[in-house]
Each structure stands twice: as C-alpha cells, then as structure tokens.
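Working notes, structure below.
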Amino acid sequence: MLLVVALVLSLIPTRLYAEQRTSYLAEQLKANDDYRVRTQAALALGASGDDAATKPLCDALSDANASVKVAAAAALGRLGKPAGLACLQRAEGREQTPAVKSQIQKSIATLSSGGGGGVAAPPPPGADTKYYVAIEITNKSGRPESEIEPLLRAAMQSKILARPGYAVAPKGETVAQGKKILNGKKLKGFYLLATVEPAVYQGGNLTQVVRVSMWTYPSKSLQGEFAPKLTQSGTPKKDVQSENVLMKMCVENAVETFQKVVASL
C-alpha cells in the first residue's frame, strides 16, 4: 500500500528576516576589524541565496586581506548569481595574488557555465551507513532549471546527511554504479523524486508545493509520496527569494517524513 502524506503549514513573512540577515552579514564583511569574521561573513553570504549578497561580495574582492578575497570569490561562485560574473571578471584583471586569482578564475568558470548553487559532491558511504539515497529534481515551477535544481538538491542532500546512517548518491550516478555500491556494502537503497509545482500568488499570499515521491533504488518501485504545502502571508507579488525559502522548507519537511518512515520499516 502506498503512503501519501500531506503537510500544510502557514508561515509569517520570511523576507524581512532574510533581508536583516543579509544586511548584518554585509556590514560585518565591510567593517569588522577581524579578517576571520569578514571571511566567515563572506562565506555565509555565499550560502544565502540572496540576490542582495552580490554587491557586498563584489566589494570584498578589494579587501586588504587575501583570505577574505578568496572567500568572497568562492562565495560569488556558490551564490550563482549572473550579476557576480562581471565583477569577478573585473577583479581578475587587477588581482596579483595567485591564490586569489585562482579562485576568481574558478568562480568565473562556474558562473560562465551556468553553475553555482554550492552543491558539493556527497561523501561516499561509511562504515556506519545503512541507507543510500538517490535524488532527482523535476522542475515545473516555470523558473530556470539552473535556479531550482541546485537549490533543492543541496537542501535535500544536507538534510539527509545530517542524520547518521545515511549516504547520498552523487548526481549522475548510473543504475549499474548504484547497484555496485548497494550490493558491495549491503545497503538499503531509496530514490527521492522532488517535483516542484509553480508558486501560487493569491489573496496576498504565496503558496508553494513540492511533491516528493519515495521509491526503492535502483529498482524504482513506488513506496509513497509526501506533499508539503507551505503558505506565506503578506506576499502579494512575485518574490523569488521567498519562493526559494518555501521550496527548501518543503523538501526539508519531506525528507524528515521520509526518514521517519524509513525508521519504521
């Protein structure tokens, strides 16, 4: 019997919190006397997904400290915003420090290829791994694939790996490769397919649904579906940042439910 779980939540606006956090980090990056604090602020801005993080990171490419400049360049690559490409290209022409220049070039290559999003390759299964999870994203949102797929893959991967006993299959793994890992390490395999529905703006609210179906892996026998539905009030018009926040929360909620189901098997 298939398991179908619907999660419906109502949220207060998240936009204000995100704006305040970005503003705080930007101020730390610009004015804190400790280069270590500035470095961490740059990395946090790179992970924020916020368009407003681009300018302070571009400004930080002129920081007096090389470590901060490396962090800012890496953060722009991870942030994945097209606006970051031009300032990286300008910085490349003037930069003399090899380590900084190298990172700038890496981030330029990432953004030029449409990459970004900060999805690191997952670690291989360890000695304590019991479950091996493959992830796939289907984008029906109407937004570019380059914005949606890395965002949700990173969120799902991070949430899955936060619990002991889980490993995540690398993107692009073949069925044969998956079978080899599962059989060699005697793991139980699952496949999570996240389908992003279009955001709905109605009555001053934003509603987002991401359907996550649970399958066996690599045989792909359907086991159930989780359909988190999140509604944020006070959002009468298009707000990509809020959409991103709700999408991430949807898949994180679905992963939590998935792991509870796995624990009950």
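We count residues from 1, following the sequence as given. Only a predicted model underlies this, so the values are computations on that prediction, with no experimental measurement involved.
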Practice problem: Under the side chain to side chain contact (heavy atoms under 4.5 Å, CB included) rule, collect the residues that match up with Asp59, sequence neighbours excluded. | Solution: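 Expected list: Lys55.
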Give a yes or no on whether [X] and [Y] share a hydrophobic cluster (residues Ile, Leu, Val, Met, Phe, Trp, Tyr; joining criterion: side-chain heavy atoms under 4.5 Å apart).
| X | Y | answer |
| --- | --- | --- |
| Val175 | Trp215 | no |
| Val209 | Leu192 | no |
| Val245 | Val240 | no |

[X] versus [Y]: any side-chain heavy-atom pair under 4.5 Å?
| X | Y | value |
| --- | --- | --- |
| Ile181 | Tyr132 | yes |
| Ile137 | Met156 | yes |
| Asn253 | Leu230 | yes |
| Leu25 | Pro56 | no |
| Gln40 | Val37 | no |
| Leu88 | Leu61 | yes |
| Arg143 | Asn244 | yes |
| Glu92 | Lys101 | yes |

Output yes when a side-chain donor or acceptor of [X] lies under 3.5 Å from a complementary backbone atom of [Y], and no otherwise.
| X | Y | answer |
| --- | --- | --- |
| Ser107 | Ile104 | no |
| Arg38 | Asn32 | yes |
| Glu197 | Thr195 | no |
| Thr129 | Gly126 | yes |
| Lys140 | Pro198 | no |
| Thr39 | Tyr35 | yes |
| Gln177 | Thr174 | yes |

Quiz item: Restricting to pairs with a member in residues 37-72, which pass disulfide bond (SG atoms under 2.5 Å apart), not counting sequence neighbours?
Solution: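 Only Cys58-Cys87 qualify under disulfide bond (SG atoms under 2.5 Å apart).
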Practice problem: Give me the ring orientation class for Tyr131 and Tyr166: parallel if the planes are under 30° apart, tilted from 30 to 60°, perpendicular past 60°. | Solution: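 Judged by the thresholds at 30° and 60°, the geometry between Tyr131 and Tyr166 is tilted.
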Quiz item: If you measure from CE on Met214 to CZ on Phe226, what distance do you get to the nearest 0.5 Å?
Solution: 5.5 Å
Quiz item: What distance separates Leu246 CG from Thr235 OG1, expressed to the nearest 0.5 Å?
Solution: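 Spacing of CG (Leu246) from OG1 (Thr235) equals 7.5 Å.
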Quiz item: Ion pair present between Lys81 and Asp51, side-chain N to carboxylate O less than 4.0 angstrom?
Solution: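 Salt bridge: yes.
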Can you tell me if [X] and [Y] form a side-chain donor-acceptor pair at under 3.5 Å?
| X | Y | answer |
| --- | --- | --- |
| Ser23 | Glu27 | no |
| Thr138 | Arg211 | no |
| Glu243 | Gln208 | no |

Self-check item: Test side chain to side chain contact (heavy atoms under 4.5 Å, CB included) applied to Phe190 and Ile135, Thr216, Val262, the passing residue
Solution: Val262
